Amino acid sequence: MRRTPGKVVIDGITTIADRQVFALRLLQARDESLVGTPFFANHSDTARWLDDLTPAFAPRFPYEQP
């Protein structure tokens with residue numbers, strides 16, 4: 001998926017701590033230090049785009065400003 005923060009790869013769906021989540025990583029990023037950074041989003045059957053997802057295990061995605 002190409003979005004403002006860069007290109008995001010969906011590596012798959014996995015279960016961590018009894019929660020089903022999407023495993024994602026940045027393939028390309030505006031901030032080059034984030035390239036390859038893995039992150040997780042809560043699983044959603046209705047999400048169609050990155051903006052439809054919410055972060056899992058963190059208050060925000062790694063590319064979002066604090």
Side-chain angles (χ1 to χ4, degrees):
M1 251 185 276
R2 183 172 61 198
R3 296 297 303 148
T4 300
K7 291 183 181 172
V8 177
V9 176
I10 303 168
D11 286 322
I13 300 170
T14 190
T15 301
I16 300 174
D18 296 325
R19 290 173 58 183
Q20 198 171 34
V21 296
F22 288 110
L24 309 159
R25 67 186 159 87
L26 289 160
L27 182 62
Q28 292 179 339
R30 291 183 186 271
D31 178 351
E32 291 185 20
S33 69
L34 295 176
V35 171
T37 299
F39 59 101
F40 300 94
N42 293 307
H43 182 268
S44 169
D45 288 328
T46 59
R48 298 289 178 243
W49 205 247
L50 186 62
D51 297 340
D52 298 330
L53 299 175
T54 57
F57 315 116
R60 62 185 169 275
F61 291 124
Y63 53 81
E64 295 176 325
Q65 297 296 322

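Computed from a prediction, not measured in an experiment: that's the story for all the values here. For the single chain, residues carry numbers from 1 onward in sequence order.
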Show which side-chain atoms of residues 54-66 pair as donor or acceptor with protein atoms under 3.5 Å away, not counting sequence neighbours.
from	atom 1	to	atom 2	distance (Å)
Thr54	OG1	Asn42	ND2	2.9
Glu64	OE1	Phe61	N	2.8

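In this structure, Leu53 and Ala47 approach most closely via the heavy-atom pair CD2-CB, 3.5 Å. Shortest non-hydrogen contact noted between His43 and Asp45 is CE1-OD1, 2.9 Å. The two residues Ser33 and Thr37 come nearest to each other via the heavy atoms O-OG1, 4.1 Å.
The shortest distance between side-chain heavy atoms of Val8 and Leu27 does not fall below 4.5 Å.
By the criterion of side-chain heavy atoms lying less than 4.5 angstrom apart, applied directly or through intervening Ile, Leu, Val, Met, Phe, Trp or Tyr residues, Ile16 is not grouped with Phe22; the two fall into different hydrophobic clusters. Ile13 and Val21 fall into different hydrophobic clusters, where Ile, Leu, Val, Met, Phe, Trp and Tyr residues are linked whenever their side-chain heavy atoms come under 4.5 Å apart, directly or through other members. Leu34 and Leu50 fall within the same hydrophobic cluster, where Ile, Leu, Val, Met, Phe, Trp and Tyr residues are linked whenever their side-chain heavy atoms come under 4.5 Å apart, directly or through other members. Both Leu26 and Ile10 belong to a common hydrophobic cluster when Ile, Leu, Val, Met, Phe, Trp and Tyr are linked at side-chain heavy-atom distances under 4.5 angstrom.
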